[in-house]
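In what follows, chains carry the letters A, B, and so on, assigned in the order in which the sequence lines appear, proteins first and then strands, with residues in each chain numbered from 1.
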Amino acid sequence: MKQTYISDIDRMKNGDSVTLKGWAQEIRIMKNIGFIILRDSTGLVQATVKRENEAFGDLEKITRESVVELSGTIPEKVVSKLGKEITVSSLKVLNLAMVPLPLGIVDEVEADFDTRFNNRFMDLRKLEHQRIFKIKSALLWGIRTFLMNRGFTEVQTPKTVSAATEGGAELFSVKYFEKDIFLNQSPQLYKEMLIASGIERVFEVGPAFRAEEHNTPRHLNEFTSIDIEMAFADHNDAMHMLEEAISAGVENFLKTVPDSEKVSLLKEKPITPFPRITYRECVRILKEEGIDQKDGEDLNNESLKVIGKRFENFYFITEWPTTVRPFYTATLEDERDFTKSYDLQFKEIELTSGAQRVHNPDELKNRIEEKGLNSQNFEFYLKTFRYGMPPHAGWGLGLERLTQVILGLNNIREASLFPRDRTRVFP
RNA sequence: GCCCUGGUAGUGUAGCGGCCUAUCAUACGGGCCUGUCGAGCCCGUGACUCGGGUUCAAAUCCCGGCCAGGGCGCCA
């Protein structure tokens with residue numbers, strides 16, 4: 001078992017003996033003295049080896065990124081600019097790294113995305129890349145605990161389905177014994193079925209698959225979706241739950257991940273409620289700015305950039321036209337052309353899509369057919385609406401996108417350990 | 001689905017018809033150096049995405065494949 005982490009050195013005093021295990025990030029050898037910059041998941045330390053020490057001979061045998069065990073003591077005076085140093089008494093090689101490395105860890109040359117992702121294990125040895133995932137993890141943990149505290153039950157629904165769930169997005173087909181089935185694009189229909197089952201508040205964190213041939217810095221073909229559905233709630237209740245969940249997630253990673261405030265665009269937990277703007281207000285603004293935005297049509301990227309400039313970070317666009325929303329979206333009672341829906345935006349990036357849902361089975365069936373879909377294929381779903389379905393609302397939040405925008409990452413792939421895009425299914 | 005751009009040592013690049021026996025950095029190997037920390041200095045090893053074509057001559061021009069990055073659309 002590992003005994004001491006590099007971050008523990010801060011709490012030690014001179015003369016204390018330590019045994020550290022990690023990767024030899026840099027090795028510098030001079031005539032009478034040598035140094036190893038040792039890295040573990042908690043940080044860096046300089047390990048100093050003097051010529052008179054027998055470990056000095058071993059120094060010349062190790063290569064960069066070899067895994068080593070160093071024993072030594074905390075020196076009286078720390079000379080290293082790292083601010084952490086040990087004086088080595090013995091050096092043990094646990095595993096030698098091959099030369100040359102497929103990717104430099106500290107080289108003064110950047111690597112292309114392609115090279116980085118082909119060698120992702122090596123790329124992640126950069127602590128600033130690892131930190132993205134520590135933040136992502138703490139962000140999700142904050143959201144999870146928030147939802148648990150609000151009475152939500154975490155659920156797991158199938159990722160393999162026999163029919164398209166929502167129409168719209170393209171699905172990947174897979175062989176399933178003698179059948180051809182699909183990878184689910186969203187847990188939407190299953191979440192709603194669980195509302196009918198009486199659980200009342202459910203959430204799921206899981207993969208969603210979209211077979212869209214896009215090639216952009218904000219799309220993945222497999223991403224992590226955080227989905228909730230709540231009974232006896234409308235779109236406003238769901239929006240409120242969303243902004244509070246995100247705020248809790250940000251608060252958690254800022255509190256628990258060292259140095260996260262240095263890389264996060266958000267230096268403190270975001271203030272709630274987030275600003276709201278209606279779709280119709282957006283159209284009015286866009287027309288005023290001379291942008292060709294037609295009533296009732298989706299807001300394109302150019303339009304979203306213009307709207308995004310008016311807000312500091314998170315904001316909601318509400319009451320989207322019925323035509324651009326899925327069949328399960330509830331309409332406003334007095335204006336059937338607009339819906340009780342919302343998108344959570346961060347600048348021009350869409351993070352969440354949500355709404356109050358249709359809960360009347362007859363209306364739902366009509367809406368399915370209006371979208372040109374065969375309601376027969378949705379019988380398993382429609383059935384759950386006929387025996388006591390409460391009014392309900394929910395949302396789906398893209399975890400990689402959320403991580404991307406909060407950290408200001410240029411490319412969503414940075415927020416995925418092993419991204420799946422139009423051409424990459426490796427490693 | 002449509003469109004644009006690019007693929008040169010392990011890594012990142014320069015070169016864009018003959019002066020390329022291909023530049024520079026970094027990494028790697030060797031040497032020097034009383035604590036270095038983007039160490040420094042000297043020497044060395046190492047590359048034109050693949051296939052076809054044009055030409056006296058192709059890393060360089062043309063066509064196709066493969067791979068990659070991006071824009072639009074669509075979305076989380």
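Nucleotide B:rU34: unpaired (no Watson-Crick or G-U wobble partner with both distances less than 3.5 Å). Across every strand in view, B:rC28 sits in a pair with B:rG44 that passes the Watson-Crick or G-U test at under 3.5 angstrom. Base pairing of B:rG73 is not made with any nucleotide, judged by Watson-Crick or G-U wobble geometry with both donor-acceptor distances under 3.5 Å. Across all strands shown, B:rC66 forms a Watson-Crick or G-U wobble pair, both distances under 3.5 Å, with B:rG7. Judged by Watson-Crick or G-U wobble contacts below 3.5 Å, the nucleotide B:rG17 has no partner. Pairing partner, B:rC61: B:rG53, with both Watson-Crick or wobble hydrogen-bond distances short of 3.5 Å.
Using a distance-only test at 3.5 Å, with no hydrogens or angles considered, no donor-acceptor pair links the side chain of A:Ser80 to the main chain of A:Gln46.
Going from the P atom of B:rG10 to that of B:rU55 covers 34 Å, rounded to whole Å. Taking atom C1' on both B:rG6 and B:rC50, the two are 16 Å apart, rounded to the nearest angstrom. Comparing B:rC43 with B:rC33, their C1' atoms are spaced 16 Å from each other, to the whole Å. Look at the P atom in both B:rC63 and B:rG73: the space between them is 29 Å, to the nearest Å. If you take atom P in B:rU21 and the same atom in B:rA59, they sit 9 Å apart, rounded to whole Å. B:rA25 and B:rA39: their P atoms are spaced 16 Å apart (whole Å). Distance noted for atom C1' between B:rA22 and B:rU8: 8 Å (whole Å). Between the P atoms of B:rU60 and B:rC48, the separation comes to 13 Å (whole Å).
Ranking B:rG12, B:rA76, B:rG69 by closeness to the A:Ile412 side chain, first place goes to B:rA76. Nearest to the side-chain atoms of A:Thr216 among the listed nucleotides B:rG35, B:rG69, B:rG73 stands B:rG73. Listed candidates were B:rA76, B:rU36, B:rG69. Nearest to the side chain of A:Gln46 is B:rU36. In the set B:rU11, B:rU13, B:rG69, the nucleotide with an atom closest to the side chain of A:Ala111 is B:rU11. Nearest nucleotide to the A:Val99 side chain, out of B:rA76, B:rC28, B:rG12: B:rC28. Of the candidate nucleotides B:rG12, B:rG73, B:rG35, B:rG73 has the atom nearest to the side chain of A:Asn300. Comparing B:rG73, B:rG69, B:rG35 against the side chain of A:His214 picks out B:rG73 as the nearest. Distance from the side chain of A:Arg28 is smallest to B:rC37 among B:rC75, B:rA68, B:rC37. Taking the side chain of A:Pro217 as heavy atoms from C-beta on, and the options B:rG69, B:rA76, B:rG70, the nearest nucleotide is B:rG70. For A:Glu212, taking side-chain heavy atoms from C-beta onward, the closest of the listed nucleotides B:rG73, B:rG69, B:rC75 is B:rG73.
The distance from atom CZ of A:Phe223 to atom C1' of B:rA76 is 4 Å, rounded to the nearest whole Å. Straight-line distance from the CG atom of A:Leu101 to the P atom of B:rA27: 11 Å, rounded to whole Å. Separating the CZ atom of A:Arg218 from the C1' atom of B:rC72 is a distance of 9 Å, rounded to the nearest angstrom. Remark: C1' of B:rC28 and CE of A:Met98 are 13 Å apart, rounded to the nearest angstrom. Taking atom NZ on A:Lys77 and atom C1' on B:rU36, their separation rounds to 14 Å, with Å as the unit. Straight-line distance from the CD1 atom of A:Ile33 to the C1' atom of B:rC33: 13 Å, rounded to whole Å. The CD1-P distance, from A:Ile105 to B:rC37, rounds to 21 Å in whole Å.
Where A:Arg64 and A:Asp298 each meet RNA chain B at their nearest nucleotide, the meeting point lying more 5' is that of A:Arg64. Both A:Thr48 and A:Arg422 lie close to RNA chain B; mapped to their nearest nucleotides by heavy-atom distance, the more 5′-ward contact belongs to A:Arg422.
Ring geometry for A:Tyr315 against A:Phe311 counts as parallel: the plane angle stays under 30°, on a 0 to 90° scale with 60° as the upper cut. Classification of the A:His219-A:His214 ring pair by plane angle, with boundaries at 30° and 60°, yields parallel. The aromatic rings of A:Phe327 and A:Phe378 stand perpendicular to each other, their planes meeting at an angle above 60°, with 30° marking the opposite boundary.
The salt bridge (charged side-chain N to carboxylate O under 4.0 Å, His left out) test with A:Glu289 singles out one residue from A:Lys305, A:Arg310, A:Arg284, and that residue is A:Arg310.
On a pure distance criterion of 3.5 Å, a polar donor-acceptor pair joins the side chain of A:His219 and the base of B:rC74. Contact annotation: side chain of A:Glu26 to base of B:rG38, donor-acceptor pair absent below 3.5 Å.
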Would you please test A:Lys136 and A:Glu400 for salt bridge (charged side-chain N to carboxylate O under 4.0 Å, His left out) and show each step?
CA-CA 8 Å; A:Lys136 186 182 178 184; A:Glu400 285 79 15; 3.0 Å; yes

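For A:Lys267 and A:Glu261, the salt-bridge test fails: no basic side-chain N is under 4.0 Å from an acidic carboxylate O.
A:Asp114 comes within 4.0 angstrom of the backbone, heavy atoms only, and of no base.
Contact annotation: A:Ser80 side-chain N/O to B:rU36 OP1/OP2 distance is not under 4.0 Å.
For the atom pair A:Gln404 CD and A:Ile349 CD1, the distance stands at 5.5 Å (nearest 0.5 Å).
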